[in-house]
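What follows is one structure encoded as structure tokens, with my remarks underneath.
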Amino acid sequence: MPLPLPSKKAETLILKLISTMPCPPLLNPSQLHSPPPTSLLPNCRTIKELKQIHSQIIRTGLANCPAERARLLSFCCTQHSIPGHLNYARLLFDQIPHPEPALWNSMIRAYSEHDSPADAVSMYIRMLASHSKPNNYTFPFLLKSFTRHVAANLGDGFHAHAIKFGLSSNHHVQNALIHMYSVSGETDTARQLFQRGWKGDAVMWNVMISGYNRRKQYDEACTLFGEMEKENVDPNEVTFISVLSACAKLKDLEFGNHVHHMIEEDGGKTIPNQKLQNAIIQMYAGCGAMDIAWRLFETMGSRDVVTWTSVVVGFANVGQVDRARGLFDKMPKRDVVSWTAMIDGYVRMNRNKDALDLFRKMQETKIQPDDFTMVSMLTACAQLGALEVGEWIRGYMERNRMKMSTVVGNALIDMYSKCGCLESARDIFRKMNSKDKFTWTAMIVGLAINGHGEKALNLFSEMLQASVRPDEITFIGALSACSHSGFVEEGRELFLSMITTHGIMPNVAHYGCLVDLLGRAGQLKEALETISNMPMRPNSTVWGALLGASRVYRNVEMAELAACCILELEPGNGACYVLLSNIYAKCNKWDEVQRVRKMMMDRGITKQPGCSLIEVHGEVHEFVAGDRSHRRSDDIYFKLEEMGRELKLAGYVSDTSEVFPDIEEEQKESAVYQHSEKLAVAFGLLNCKAGETVRVVTKMRICNDCHNVIKLASELYGRHIVVRDRTRFHHFRDGDCSCKNYW
DNA sequence: GTAGGGTTAG
């Protein structure tokens, strides 16, 4: 029977005892009759075998032979596949009375490769305390592990140490320092070191180019590659891979082509290996040149998971998401990146249900989703308003102790606020200890679309106080907060401060917010003036804001102007005809109503079927107006009729003013009563227990009648009903709506 | 017994 292995504690004691025991006669390997135990190391696969070799070393009296000891320690430090290798290395190391610099370096490297910069640093400090001097190897090992945070806080100090110990002229140390500064985000400092460094071969150039890539400074990466050409330094495979990656990110096909030609005309010096071939395909795919990428893919000798993923992503990015899926299904091997890329491809094409389905398929495999997967999934949930799935994902991450990075936190805030759960969104926001501009922006937008304009603006001030620089999206959030809450003056000031204080030039969307803000406040003339003074061509959103305001304030002239401009830009915009005819109807201009109706018939304009979504028990249900396809359709229409009867008793009168003018008067009432929003709400009332919030997402602007019905239903059934429409939330409670009847 | 650079996804 094999002896039981000693416990950790016993092991430490044994090792201590051994080190204090009288030594066996000191030998060196040449005095042995058989090969030294360390010659067995290349075949060592488990911690048990490692311990056997170690005991042989002790038994043969080689334990104090520096070379044998070093061989064992070095082996131990690098065996990442053996669990516990690092702790065992540390135990060995701690038994050595005066370790030489190389042994300290080995330990520092081991911690560094284990992604434990704190341990690597503390090893370095112990090294200094024991009067060992760092050498040329020390800093490359140490600095390699630095995260952004560590590099930003300790980087300068270690740079100073390197100088103090006279190591700063060594190429390896210089490269390590450049790498470290680019990790910390200080590419300018990195560049200064680069300028002074030795640039005879490609390595330092590679460090600098990849440093720029790391900080998304792709232009600089390409420019530096150009300088390298001028200086006649031969790029190698690594250089090509980095610069092609930069081209892909920039979508710079011309420069990418140039690099590809350089590789081909390299006179055989660079024979593209798998990684370089992947980088070439990925460059073409990234630039959207799928014909070339596909040709290269087809003629490629061997394809790995990266090759496949690159073309899958490429097709998804040019909108051919079904072709991407076809390839994905054919992949011989898929890893977490390929799954996530495909899921994300669906999300970006707004095929969120497909994304959810694919995630379920992924869970049938052994491949674990990571934080990237979760961000894509949370985005899908946000777009669908799928709160239950979103919450499940949050729980999944907690159960599996997954990394809660800032990006994940941001996605959670976005998911919660787009599901109308502001409290949960704010809870995540409060708990996040590192907030970036996206965190603040997500929360500001969340507050704004949920009707908390004042809180959104307060948070915007807090953001400025925290010295986080807002970007153009933050201003969209802040401006729409003003607009939704009627803060006209604040909005105007904000718009000006955007240019004067923050140096951000407003784009067409910002002007849209401004027009909306003025229009909602009834300042139609000012709104029109704003449009005519815009430095760019107004788009249909801008005119749409004016049209909406004209409807509320019954300004026929302005409405006609706005509608004409929209139809000029988008002749097939059915909603615009409807809105215009509604305005005519409200002003009793029936001839005009008929004229618009005829115009639509002549031009063959039909109403695009808008749909509404509701998530029940983790499943997303989709409805279009008059939908009979749902498996519980009969129940839904029964519920709808029951609602109708009860609401009529409570005083409800149907409002058919916004019905598409292509149907006869007597059918209008039933048409309006089968709107997808109502079907979804009825389904929600059928399936959600008393006290549960009913949450519906609709892709359109909610109509007056639906708004009335849901308001009454919230009172009649004592329910909180949340409807997210195209631009904002309606929180219906006790017969009232958070939008204050302006949307 | 120890050194440097790279590809796929938010």
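Numbered from 1 within each chain, the chains take letters A, B, ... in sequence-line order.
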Quiz item: Which residues satisfy the side chain to side chain donor-acceptor pair (under 3.5 Å) test with A:Thr309, sequence neighbours excluded?
Solution: none
Exercise. With sequence neighbours left out, write down each residue that passes side chain to side chain donor-acceptor pair (under 3.5 Å) with A:Lys216, or none if nothing qualifies.
Key: none
Going by salt bridge (Lys or Arg N to Asp or Glu O under 4.0 Å), name the pairs with one or both residues in [range], residues two or more places apart or in two chains.
range: residues 88-109 of chain A; value: A:Arg90-A:Asp94, A:Asp94-A:Arg126
range: residues 325-334 of chain A; value: A:Arg325-A:Asp329
range: residues 409-418 of chain A; value: A:Asp414-A:Lys418
range: residues 286-307 of chain A; value: none

Which parts of [range] get close to DNA chain B, meaning a heavy atom less than 4.0 angstrom away?
range: residues 210-223 of chain A; result: A:Ser210, A:Arg214
range: residues 404-415 of chain A; result: A:Val407, A:Val408
range: residues 299-320 of chain A; result: A:Val306, A:Thr309, A:Val313
range: residues 169-177 of chain A; result: A:Asn170, A:His172, A:Asn175

Quiz item: With sequence neighbours excluded, what pairs up with A:Asp335 under the salt bridge (Lys or Arg N to Asp or Glu O under 4.0 Å) test?
Solution: none
Quiz prompt | Residues in ring-ring contact (aromatic ring centres under 6.0 Å, His included) contact with A:Phe429, at least two apart in sequence or another chain | solution = A:Trp440
